[in-house]
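First listed ligand is number 1; within each ligand, the first listed atom is number 1. In this chain, residues are counted from 1 in sequence order.
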Amino acid sequence: MPDVITIDGPSASGKSSVARRVAAGLGLPYVSSGLIYRGVTYQVGRYGVDPQDEAAILHLLSHHPIQLVPLPEGNRMLAEGQDVTAHMHTLEIDQAVSAVARHPEVRAYVYRSLRALQPPFVVEGRDMGSTVFPDAALKFYLTAAPEVRARRRVGERDADYATVLADLLRRDAADAKQIPPAPDAIIIDTSAMGLEEVVNTILERIRTRTP
Ligand SMILES: Nc1ncnc2c1ncn2[C@@H]1O[C@H](COP(=O)(O)OP(=O)(O)O)[C@@H](O)[C@H]1O
Ligand SMILES: Nc1ccn([C@@H]2O[C@H](COP(=O)(O)OP(=O)(O)O)[C@@H](O)[C@H]2O)c(=O)n1
């Protein structure tokens, strides 16, 4: 069993849902890197820090820490010990997170958090296979047409389809630097695949891989 399995892809490509199920199928924890960026963004908004001010964001985190808690049923985000997971997946955080996540020192903070976790685990995000865990034995990259992804996401946000599609396209562009797949990633277009089909495809690839 590989130490780290990475599942990357753009917004609403299915990373979290697939990673959670793949990890459960393998009896491993699953880790959401995006939730850490969302947690940072939540604290930035809560304390009124300028999202353009990288030093101020790092100073904030040193005094008002966040912590990702990977659990089989889903990751929890703690801010100063309080569970704030319920506040992570909102249009407001969607609209602010890319500006926070683009700072090199914020990314380094997240990378340190992820690399401190004890393998084995399944980890999902944008650049897990390309940057954070380049030596991961198995890397997957999920894609889907923007319209398909927006249709999936619209049920999860208090916004209409047009708003969700526009924000998804904006975020794809804003995340462009970290979005490209690792050269050795197995790319899966999930546009015409059901969730269970994607999960089974990945589990099959893992189970039949040459040691
Ligand atoms: N292949 C799929 N077919 C149908 N729905 C899917 C598929 N993959 C994910 N979903 C659903 O789309 C929504 C967004 O998926 P999610 O895993 O949150 O994406 P991401 O983590 O990439 O943003 C969720 O409601 C999820 O259940
Ligand atoms: N590995 C990652 C994961 C997320 N992110 C940033 O964090 C944001 C939220 O990531 P997410 O995975 O929670 O978002 P969704 O793909 O679920 O919509 C992304 O839009 C990126 O700006 C990143 O830069 N690198």
(request) Record the part of Glu197 in heavy-atom contact with ligand 1 below 4.0 Å; permitted values are side chain, backbone, both and neither. (result) neither

(message) Is the contact between Glu156 and ligand 1 made by the side chain, the backbone, both, or neither, using heavy atoms and a 4.0 Å cut-off?
(response) side chain

(request) Look at Arg126 together with Asp8 and state whether they make a salt bridge at an N to O cut-off of under 4.0 Å. (result)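 No, Arg126 and Asp8 are not salt-bridged.
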
(message) Quick test of your reading of the model: are Arg38 and Asp94 salt-bridged, counting only N-O distances below 4.0 Å?
(response) yes

(request) Could you check Glu156 against Arg153 for salt bridge (charged side-chain N to carboxylate O under 4.0 Å, His left out), going step by step and ending with a plain yes or no? (result) CA-CA 5 Å; Glu156 302 175 315; Arg153 179 61 30 101; 2.8 Å; yes

(request) Give a yes or no on whether the backbone of Ala144 and the side-chain of Arg149 come within a donor-acceptor separation of less than 3.5 Å. (result)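 Yes, the answer is positive, given that a donor and an acceptor are paired below the 3.5 Å cut-off.
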
Which atoms of ligand 1 sit under 4.0 Å from any heavy atom of [X]?
| X | value |
| --- | --- |
| Met193 | 1 (N), 2 (C), 3 (N) |
| Pro10 | 22 (O) |
| Gly14 | 8 (N), 9 (C), 15 (O), 16 (P), 17 (O), 19 (O), 20 (P), 22 (O) |

Among all protein heavy atoms, pick out the one at the shortest distance from [atom]; state its residue, atom name and that distance to 0.1 Å.
| atom | answer |
| --- | --- |
| atom 21 (O) of ligand 1 | Ser16 OG, 2.7 Å |
| atom 12 (O) of ligand 1 | Arg152 CB, 3.2 Å |
| atom 18 (O) of ligand 1 | Arg153 NH2, 3.2 Å |
| atom 27 (O) of ligand 1 | Ser17 OG, 3.4 Å |

Would you check whether [X] has a nitrogen or oxygen atom less than 3.5 angstrom from a nitrogen or oxygen atom of ligand 1?
| X | result |
| --- | --- |
| Glu124 | no |
| Ser11 | no |
| Val18 | no |

(message) Nearest 0.5 angstrom please: Arg157 CZ to Leu91 CG, how far?
(response) 7.0 Å

(request) Mind checking the CG-CG spacing from Asp50 to Leu60? Nearest 0.5 Å is all I need. (result) 12.0 Å

(request) List in chain and number order the residues that pass ring-ring contact (aromatic ring centres under 6.0 Å, His included) with Tyr141, two or more places apart in sequence or in another chain; answer none if no residue qualifies. (result)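 Partners of Tyr141 under the ring-ring contact (aromatic ring centres under 6.0 Å, His included) test: none.
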
(message) Against ligand 1, does Ala12 come closer than 4.0 Å with any heavy atom?
(response) yes

(message) Would Gly34 count as a contact residue for ligand 1, given that I'm defining contact as a non-hydrogen atom of the residue lying under 4.0 Å from a ligand atom?
(response) no

(request) Taking atom CZ of Arg102 as the centre, report whether more than 12 heavy atoms of other residues, nucleotides or ligands fall under 6.0 Å from it. (result) yes

Distance dump, ligand 2 polar atoms to protein, N/O, under 3.5 Å:
| unit_1 | atom_1 | unit_2 | atom_2 | d |
| --- | --- | --- | --- | --- |
| ligand 2 | 1 (N) | Ser33 | OG | 3.1 |
| ligand 2 | 1 (N) | Arg126 | N | 3.0 |
| ligand 2 | 1 (N) | Asp127 | OD1 | 2.9 |
| ligand 2 | 12 (O) | Arg126 | NH1 | 3.2 |
| ligand 2 | 13 (O) | Arg38 | NE | 2.7 |
| ligand 2 | 14 (O) | Arg38 | NH2 | 3.2 |
| ligand 2 | 14 (O) | Arg171 | NH1 | 3.3 |
| ligand 2 | 16 (O) | Lys15 | NZ | 2.7 |
| ligand 2 | 16 (O) | Arg126 | NH1 | 3.1 |
| ligand 2 | 16 (O) | Arg126 | NH2 | 3.0 |
| ligand 2 | 18 (O) | Ser11 | OG | 2.7 |
| ligand 2 | 18 (O) | Arg38 | NH2 | 3.4 |
| ligand 2 | 18 (O) | Arg153 | NH1 | 2.8 |
| ligand 2 | 18 (O) | Arg171 | NH1 | 3.2 |
| ligand 2 | 18 (O) | Arg171 | NH2 | 2.9 |
| ligand 2 | 20 (O) | Arg126 | NH2 | 3.3 |
| ligand 2 | 20 (O) | Arg171 | NH1 | 2.8 |
| ligand 2 | 20 (O) | Asp175 | OD2 | 2.6 |
| ligand 2 | 22 (O) | Ser98 | OG | 3.4 |
| ligand 2 | 22 (O) | Asp175 | OD1 | 2.7 |
| ligand 2 | 22 (O) | Asp175 | OD2 | 3.4 |
| ligand 2 | 24 (O) | Arg107 | NH1 | 2.8 |
| ligand 2 | 24 (O) | Arg107 | NH2 | 3.2 |
| ligand 2 | 24 (O) | Gln178 | NE2 | 2.8 |
| ligand 2 | 25 (N) | Arg107 | NH2 | 3.0 |

(message) Checking Asp127 against Ser130: is there a side-chain donor and acceptor pair closer than 3.5 Å?
(response) no

Determine all donor-acceptor pairs shorter than 3.5 Å in which one atom belongs to a side chain in residues 192-201; sequence neighbours excluded.
| unit_1 | atom_1 | unit_2 | atom_2 | d |
| --- | --- | --- | --- | --- |
| Glu196 | OE2 | Arg21 | NE | 3.4 |
| Glu197 | OE1 | Gly194 | N | 3.4 |
| Asn200 | ND2 | Glu196 | O | 3.2 |
| Thr201 | OG1 | Glu197 | O | 2.7 |

(request) Just grab all the ring-ring contact (aromatic ring centres under 6.0 Å, His included) pairs involving residues 38-85, residues at least two apart or on different chains. (result)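 Every pair satisfying ring-ring contact (aromatic ring centres under 6.0 Å, His included) with a residue in residues 38-85: Tyr42-His87, Tyr47-His64, His59-His63.
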
